[in-house]
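In this text the structure is predicted, and so the values were computed from the model without any measurement. Computation of the quantities below employed the complete heavy-atom set of this structure, encompassing side-chain atoms and omitting hydrogens, waters and symmetry-equivalent molecules. In what follows, every chain begins at residue 1, and chains take the letters A, B, ... in the order their sequences are listed.
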Number of protein chains: 2
Amino acid sequence: MQPPAVGVSVVILALGPEETAADCRDAMPSRLWLPLVRRVRQPFLGRWALPGGDLRADRSLEQSAYHALETTTDLHPRYLEQLYTFGDPARSHGGLPMVSIVYWALVGKAEAHDFTEADNVRWFPEDELPELAFDHRQIIDYALWRLRNKIEYPDIATKLVGDTFTLRQLHHVYEAITGEAIDVANFRRRMLLSGELEDTGEKLRDGRHRPAAVYRYNPDRSRVSTAPPVGPPRDAPTIEELEGQRIEDALSALMPSARA
Amino acid sequence: MQPPAVGVSVVILALGPEETAADCRDAMPSRLWLPLVRRVRQPFLGRWALPGGDLRADRSLEQSAYHALETTTDLHPRYLEQLYTFGDPARSHGGLPMVSIVYWALVGKAEAHDFTEADNVRWFPEDELPELAFDHRQIIDYALWRLRNKIEYPDIATKLVGDTFTLRQLHHVYEAITGEAIDVANFRRRMLLSGELEDTGEKLRDGRHRPAAVYRYNPDRSRVSTAPPVGPPRDAPTIEELEGQRIEDALSALMPSARA
DNA sequence: CCAAAAGTGTTAAAAGTACACCCATGA
DNA sequence: TCATGGGTGTACTTTTAACACTTTTGG
């Protein structure tokens, strides 16, 4: 009996633009959007599917995921973590048996707007997904569940906004993801007491109201580690390391986007 | 560039026997033990390593893990969950590049004693591991970290003892895993208030003291789901389903141990 | 002045912690 | 009866949640 083939897929999540409901002039809290690619072969030809790619023996899994994400959507994740490995033989529905090592990624609001909106790549809101190929719908549901369970950590939430943000914006992120109302006063206190937000000193005027302080995420090393241990799940360079390498590689053909 | 080979490995954890320290007649809280197998080929010939096996295209990942665990150690897990997939090219140290889909398993105290203590399989206490092949040491550390972070859920702890247990025994499990002292009175209350323990009505005499009530784990469906969502990470039959199948398969050559 | 968001304070309920204490049992 | 663990009560601290209130801005 043959071993199955292996590939890597990525669930990319980003905060959509603020929307205005038809019957209400207030901006609703944004929803989560994710890019999908259209399949160009059987099975499920023409169906939407998760971006993915091959696994090469000379790359780490994270590098492969990063590469797949970059080449298909031209995005650069601010967060990238392994989600789960799927390998049930029944999941390929007529294709060859396939093991998918799935990562989930977060991209910032700004970056999500200059993606390549090609014919074969399109963004969908999380609650209006089309019919998907394979078991990709369940995979996305699982990724969303993971996000909702990890959102308590401030570093995750800050990955969905820009480098700097007001507490109001961050608050919107939390509400969009958890789907429930969160008391602003208590939210503010928790965030500031976590010690991971740094005041940039800037102010941001939104409407005709009082301007809000602008913060930046800044991890607090003094905190007790809730993160992975001495032997973390990392088996690859971090995103930071990849970023460094990516810049050196910038002249290679990997990046269609213009970047010095 | 070739894709790497794929295999499945399992970190099996069990509670060891109660130990008696030399300088103290009290039984210490048990430690965690895990079985390792000796490698019979290069690289790392002769070194201890995690039990593992191949991935077959007609089995789910969980089935493959279950099978690998069963054939190498003759144990039957009470808990089996995917841990992480490792695939850094550097991890094979001279071997062929290899992706390892790693599961972690818990076996009960009773079952852990009738394992096949063959020449090539041996149990080690978690804090006295030998030098291991590949990156298996980091993998074990990660599994232990996951266990320590999941132990708050009563269902995990109960998998490490028998089907029935006293609160004292369960208390020992928690202390062994977290490594710190836990107030018995508060522990008792938390466990009973969780509503997941059912009194069997039996009593168990340990020493010359008052007998303790014997409980059984019984999941409380009324509780809010902290478990995976509508689209869980399951892509395979559960352990219960595998158990059923395993009994039917008992006559096949898979199981060295005698079992009707 | 008003509306609306920024930001602060106060209080009550809940959850977690420490520890004193009584009970049951076999030796 | 004594030592030992089984089991209960209680007071105290910390965390969480609810919500009233003051401040700053543009119109």
Whole angstrom value for the distance that separates [atom2] of [N] from [atom1] of [X]:
X        : N      : atom1 : atom2 : result
A/Met191 : D/dT16 : CE    : C1'   : 14 Å
B/His172 : D/dG5  : NE2   : P     : 9 Å
B/Arg188 : C/dC22 : CZ    : P     : 18 Å
B/Asp183 : C/dA15 : CG    : C1'   : 15 Å
A/Leu204 : C/dG7  : CG    : P     : 11 Å
A/His171 : C/dG7  : NE2   : C1'   : 13 Å
A/Leu193 : C/dT8  : CG    : P     : 11 Å
A/Asn186 : C/dA12 : CG    : P     : 16 Å

Next item on the list: Identify whether any heavy atom of A/Ala185 sits under 4.0 Å from a base atom; if not, whether one sits that close to sugar-phosphate; answer base, sugar-phosphate or nothing.
Entry: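 Here A/Ala185 touches the bases of the nucleic acid.
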Notebook entry, point to check: Across the strands shown, which category fits A/Arg190 at heavy-atom distances under 4.0 angstrom: base, sugar-phosphate, nothing?
Noted result: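 Here A/Arg190 touches no strand at all.
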Notebook entry, point to check: Mind checking whether A/Val102 and A/Val10 have side chains closer than 4.5 Å, heavy atoms only?
Noted result: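 A side-chain contact under 4.5 Å is absent here.
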Notebook entry, point to check: Who are the ring-ring contact (aromatic ring centres under 6.0 Å, His included) partners of A/Tyr215, not counting sequence neighbours?
Noted result: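 In terms of ring-ring contact (aromatic ring centres under 6.0 Å, His included), with neighbours along the sequence ignored, A/Tyr215 is linked to no residue.
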Next item on the list: Kindly write out the residues that satisfy salt bridge (Lys or Arg N to Asp or Glu O under 4.0 Å) with B/Glu128, not counting sequence neighbours, or none if the list is empty.
Entry: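 For B/Glu128, the residues satisfying salt bridge (Lys or Arg N to Asp or Glu O under 4.0 Å) (neighbours in sequence not counted) are B/Arg31.
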Margin query: Going by salt bridge (Lys or Arg N to Asp or Glu O under 4.0 Å), name the residues that satisfy it together with A/Glu202, two or more places apart in sequence or in a different chain.
Written below: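 Per chain and number, A/Glu202 pairs via salt bridge (Lys or Arg N to Asp or Glu O under 4.0 Å) with no residue.
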Notebook entry, point to check: Can you name the side chain to side chain contact (heavy atoms under 4.5 Å, CB included) partners of B/Arg210, sequence neighbours left out?
Noted result: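 By the side chain to side chain contact (heavy atoms under 4.5 Å, CB included) rule, B/Arg210 matches no residue at all.
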Check: What residues, two or more places apart in sequence or in another chain, satisfy side chain to side chain contact (heavy atoms under 4.5 Å, CB included) together with A/Glu152?
Finding: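 Partners of A/Glu152 under the side chain to side chain contact (heavy atoms under 4.5 Å, CB included) test: none.
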Check: Which residue lies toward the 5' end of DNA chain C, A/Leu192 or A/Asp206, if each is placed at its nearest nucleotide?
Finding: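 Looking at the nearest nucleotide for each, A/Asp206 comes out on the 5' side.
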Check: How does protein contact run along nucleotides 21-27 of chain D, one letter per nucleotide 5' to 3', with B for base contact, S for sugar-phosphate only, - for none, heavy atoms under 4.0 Å?
Finding: --BBBS-
Notebook entry, point to check: If you take atom types as modelled and just measure distance, does the side chain of B/Arg189 reach the base of C/dG16 with a donor-acceptor pair under 3.5 Å?
Noted result: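 No.
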Notebook entry, point to check: Would A/Lys159 count as a cation-pi partner of A/Tyr217, with NZ or CZ less than 6.0 Å from the six-membered ring centre and within 45° of the ring normal?
Noted result: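 Here A/Lys159 passes the 6.0 Å and 45° test against A/Tyr217.
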